[in-house]
Amino acid sequence: MNNKTVLITGCSSGFGKQTAKLFQSKGRNVIATMRSPKKETELAGLENTLLCRLDVTDPQSIKEVVDKSLDAFGRIDVLVNNAGISGAGVFEQWDEGSIHGLFDTNVFGLMRVTKAVLPVMRRQREGTIINISSLAALIAFPFASVYSSAKFAVEGLTEALALEYAPFNISVKAIAPGSYETSLYTSMDEGILANGDDQIRAYSAKLATKMNDNVTQMAQQGGETSDPREVAEKVYECATEDRPIHNVCGRDAESFLQMKKSLSEQEMSQFISDQLVPKDA
């Protein structure tokens, strides 16, 4: 994969920035995209790294990034769809605009970027697309109904695209990270949590406490805080090795996946309920 080019969305922090740094250190050409590249200093000085403004909700900015990528490096070998926003709250607390906003970034934005890059990869007769989903895409958690539904959509899209585009020698894979410092519940939207009647708000507050406590414990994998670089390493692995369509990252994600395989649906649901749902509403 030497001298190949990687386009990564959402590089301002977290998984995206770590992934950009890793691919660059391996000698790859990197197009690191974010909504405000002028604020980025760490990636700006790296060789063979092109910083570009990209808002996945803006089709024109997507087209411009693809054009700049081809002008600079001539091809796009790997697309990493990492850009996304988090969201938590009881379903009734989500207004229609907030639901649309989350889906516009996490699902439709991913689709827009993918659709813009696929013709390039078809002309090349090769390419790899890696979609960052979430543990919440494999197991639907309470307090994450909207977020989980969006990430479930990403996993479904990934599986379908992998089948559709295999004849073009394009592989499509998803990575579901477990609990990391960049995860869902570390930045709850107080505006959403303030919505609803008294009963829903009280219930939401109890759920928030349960979720925060458990996510903190999950992030302490093996007694150490989980490192976002693990996700970058998994992305690199998926880009350079023969990996399945669906992948997880993190000891907690591995544990939940094994549990899901070994327990019945009812047993798994009961386990999640016992751990995360308050006993009284």
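In the model, Glu40 has no side-chain atom that pairs as donor or acceptor with a side-chain atom of Ser12 under 3.5 Å. A side-chain donor-acceptor contact under 3.5 Å links Glu155 and Ser133. Of the N and O atoms on the side chains of Ser171 and Thr128, at least one donor lies less than 3.5 Å from an acceptor on the other residue.
Gln124 pairs by the side chain to side chain donor-acceptor pair (under 3.5 Å) definition with nothing, not counting sequence neighbours. Among residues two or more places apart in sequence or in another chain, the side chain to side chain donor-acceptor pair (under 3.5 Å) test is passed with Arg75 by Asp77, Glu126. With sequence neighbours left out, Asp197 forms a side chain to side chain donor-acceptor pair (under 3.5 Å) with no residue at all. Among residues two or more places apart in sequence or in another chain, the side chain to side chain contact (heavy atoms under 4.5 Å, CB included) test is passed with Phe108 by Phe103, Asp104, Met111, Arg112.
Counting heavy atoms from C-beta on, the side chains of Leu207 and Thr209 never come closer than 4.5 Å. At a threshold of 4.5 Å between non-hydrogen side-chain atoms, the residues Ile192 and Trp94 count as touching. By the 4.5 Å heavy-atom criterion applied to side chains, Phe143 and Phe91 are not counted as neighbours.
The environment of Glu47 atom CD is sparse: at most 12 non-hydrogen atoms of other residues, nucleotides or ligands sit within 6.0 angstrom.
Salt-bridge formation is detected for the pair Lys21/Glu42: a Lys NZ or Arg NE/NH1/NH2 atom is positioned less than 4.0 Å from an Asp or Glu carboxylate oxygen.
Taking Ile, Leu, Val, Met, Phe, Trp and Tyr as hydrophobic and joining them when side-chain heavy atoms fall under 4.5 Å apart, one finds Leu163 isolated, its cluster having no other members.
Applying the side chain to side chain donor-acceptor pair (under 3.5 Å) rule to pairs touching residues 253-263 yields nothing, sequence neighbours excluded.
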